[in-house]
Amino acid sequence: MSLINQQLNDTYQQVAEGQKKWRQTKLEDRVKMISHFSTLLAEQNDFLARILTEDMGKPIKQSRKEIEDVRGRIQFFIENASHWLSPKNVGSGQEITYDPLGVIANISAWNYPYLVGVNVIVPALIAGNAVLYKPSEYATETGKKIEQLLHASGIPQDVFIACTGDGSVGEQLLDLPLDGYFFTGSVTTGQHIAKRVAEKLVPVGLELGGKDPLYVTNEVDSLEEVANACVDGCFYNAGQSCCAVERLYVHADVYDQFIKHFVEGTKQLKVGDPFDEHTDIGPLGRPQHVSFLSEQTREALDKGATIVLGKETEGIDQGFFPPTILINTDHSMSIMKEESFGPLIGIQKVSDDTEAIRLMSDTPYGLTAAVYTNNHDRAKNILQELDVGTAYINCCDSVSPHLPWSGRKLSGLGTTLSYLGILAFVHPKGLFPKVI
Ligand code: NAD
């Protein structure tokens, strides 16, 4: 056993002991500590935002917003956990009770470390689990701050521990006899984790990538407003959102006008220093990803796409990639099939809803899909044909804590958020009394 392995093993023994006490702590006391955590996030918002921006290049105003938004999610758990975790009387004296899983791992991504972290950490702790938290190596300082603030809120030191480092630390967590693995990240790593822990037969949650489509129909009131919403959906956080809009399909009747507004709207985005209050797009979280985006752009251009904004290779040295729009794309191109995870979008013209549904469905992913139309029934008819976890009507790239967050097909397994995302961190137990 390597030294790191030995250290992690000791850490595991520590949290396994800690969890035994933690599960006996009253639910209301666990909730109070999480509430205190939320207060600390608010008090330290500006300071924490600077660390997040330093970690992964998110524009400072978006870092502040992430930390503010995460408090809404925490509030959801604070208000709902005790209802969903309380024993349920199902008649004839029979009851369903809920036991924590035990010690779980949360192996996390860097793009929204607070939001994706809290989806797991908060309900898991409230439900009485201990957590070994592996923040992304691209958000290490933020991961350490999350640990510090949880401890400062009263969560015991032996109940939540951040195990920082790269994928090799995550790999070692897979060797430990943990009671659940909850992962956010790429499909490749997610599949690897699922295979590695399969024999343990413990719960596994995977929140993975997407290639989320958005369809603009020929029934919208203001094309300019729709185009601006699409700009946000495609380019917020430099497109590094699991549910970022990654493919646009536009009805032929409104295509030219939509492109005009979309390009105009995108031109308003300011690219630059992420600490500048006016910046909308900073450097990519992983500078080496610029070459992937450049390659995806080049391949599409070689196959006949047209670039209407951006440049194929701009900013390669500094880790920047400018917002880039390609039209005349088709499904022979990687830009319409493989996750880009950057400020790059392909647009395709469609003649009707049948063609839109066919193209939107032509993907191995199934995270979200969006339709813009003022005809609600039309939107619902289209969306019910799509194999996705979240279906948006006249909005996109948004997450509600009240709704289950789950990917289908290669986008993942299991659910966070909503009441299902609370019950994901417990084992139900049936109590079957018989009078003798
Ligand atoms: P990644 O798979 O490279 O890394 C994720 C985490 O896994 C990191 O902490 C990393 O250190 C760890 N890891 C790497 N190799 C490992 C191994 N062999 N064993 C155990 N752990 C290992 O992903 P990323 O670049 O951090 O995240 C980007 C991806 O995450 C995108 O595809 C994005 O769509 C997806 N994502 C999905 C959601 C969702 O809710 N569905 C949310 C955010 C991000």
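Counting starts at 1 for both ligands and their atoms, in listed order. Throughout, numbering of the chain's residues begins at 1 and tracks the sequence. These values consider heavy atoms only, across backbone and side chains, with no hydrogens, waters or symmetry-generated copies.
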Among all protein heavy atoms, pick the one closest to [atom] and tell me residue, atom and distance.
atom                    : value
atom 7 (O) of ligand 1  : Phe183 CE1, 3.2 Å
atom 12 (C) of ligand 1 : Ile107 CG2, 3.7 Å
atom 24 (P) of ligand 1 : Trp110 NE1, 3.5 Å
atom 10 (C) of ligand 1 : Glu137 OE1, 3.4 Å
atom 29 (C) of ligand 1 : Gly185 C, 3.4 Å
atom 9 (O) of ligand 1  : Ser108 O, 2.8 Å
atom 17 (C) of ligand 1 : Glu171 OE1, 3.4 Å
atom 40 (O) of ligand 1 : Trp405 NE1, 2.8 Å

Taking 4.0 angstrom as the limit and counting only heavy atoms of [X], give me the atoms of ligand 1 inside it, by number and element.
X      : result
Ser136 : 9 (O)
Gly209 : 32 (O), 34 (O)
Arg286 : 25 (O)
Thr184 : 5 (C), 36 (N), 37 (C), 38 (C), 42 (C), 43 (C), 44 (C)
Asn111 : 43 (C), 44 (C)
Glu339 : 31 (C), 32 (O), 33 (C), 34 (O)
Gly170 : 19 (N), 20 (C), 21 (N)
Ala109 : 26 (O), 27 (O)

### Message
With respect to Thr189, determine whether any N or O atom, backbone or side chain, lies less than 3.5 Å from an N or O atom of ligand 1.
### Response
yes
### Message
Test your reading of the structure: does Ser186 have an N or O sitting under 3.5 Å from an N or O of ligand 1?
### Response
yes
With heavy atoms under 4.0 Å as the rule, classify the contact between [X] and ligand 1 as side chain, backbone, both or neither.
X      : answer
Thr416 : neither
Val116 : side chain
Arg196 : neither
Asp166 : backbone
Phe341 : side chain

Could you tell me if [Y] and [X] have a donor-acceptor pair between their side chains, going purely by distance under 3.5 Å?
X      : Y      : result
Glu17  : Gln13  : no
Glu171 : His192 : yes
Ser340 : Gln296 : yes
His331 : Asp362 : yes
Arg71  : Ser38  : yes

### Spatial distance of atom CG (Leu344) from atom CG (Leu326) [nearest 0.5 Å]
5.5 Å
### Query
Taking Phe425 as the fixed residue, which of Phe182, Phe77, Tyr98, Trp84 is the one that meets the ring-ring contact (aromatic ring centres under 6.0 Å, His included) rule?
Phe182
### Message
If we count only non-hydrogen protein atoms and require a distance under 4.0 Å, does atom 4 (O) of ligand 1 qualify as touching the protein?
### Response
no
### Query
Does NZ belonging to Lys270 count more than 12 external heavy atoms closer than 6.0 Å?
yes
### Task
Evaluate whether atom NZ of Lys65 has more than 12 neighbouring non-hydrogen atoms of other residues, nucleotides or ligands under 6.0 angstrom away.
no
### Query
If you look at every heavy atom in Asp330 and Gln348, which pair is closest and at what distance?
CA-OE1, 3.5 Å
## Note on the structure
Tightest non-hydrogen contact, residues Ile78 and Ser35, listed as CD1-CA, 3.6 Å
### Query
Do Arg64 and Asp46 pass the salt bridge (charged side-chain N to carboxylate O under 4.0 Å, His left out) test, and can you show the C-alpha distance, the side-chain angles, and the key distance before you say yes or no?
CA-CA 6 Å; Arg64 288 198 203 102; Asp46 198 54; 2.9 Å; yes
